[in-house]
Amino acid sequence: MSYVADGTVVGHLLFDEPQDPSNWNGAPVPFEDIEAVAAHSKALWPTLPVGVGGPASFVGAKAAVCA
């Protein structure tokens, strides 16, 4: 996994626009699913930053509860 340690990979984009139902089979991605994917990513690559491409307002309130 040197590609993470050596900086070749600098982050893991989990979802792009999870709030947009037209991108995700007619429904926004539930926050719980985003959290589960983030946990799986962190289990594989604990030092690799993860992110979601979407407005902060979509996860902002829920993310503050988990922080």
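- Note on Val9: it clusters hydrophobically with Leu44, by side-chain heavy-atom contacts below 4.5 Å among ILVMFWY residues.
- Once rounded to the nearest 0.5 Å, the distance linking CH2 of Trp24 with CD of Glu17 reads 10.0 Å.
- Contacts of Pro21 classified as side chain to side chain contact (heavy atoms under 4.5 Å, CB included), with partners at least two apart in sequence or in another chain: Pro28.
- Nearest heavy atoms, Gly53 versus Pro18: O-CD, 3.6 Å.
- Between Ser41 and Leu14, the closest heavy-atom pair is CB-CD2, 4.1 Å.
- Applying the side chain to side chain contact (heavy atoms under 4.5 Å, CB included) criterion to Asp33, with sequence neighbours excluded, gives Val29, Pro30.
- Partners of Asp20 according to the side chain to side chain donor-acceptor pair (under 3.5 Å) rule, which considers only residues two or more places apart in sequence or in another chain, are Ser22, Asn23.
- Applying the side chain to side chain contact (heavy atoms under 4.5 Å, CB included) criterion to Thr47, with sequence neighbours excluded, gives Val4.
- The ring pair (Phe, Tyr, Trp, His ring centres under 6.0 Å) test applied to His12 returns Trp45, not counting sequence neighbours.
- Judged purely by atom type and a 3.5 angstrom limit, Lys42 has no side-chain atom pairing as donor or acceptor with the backbone of Val37.
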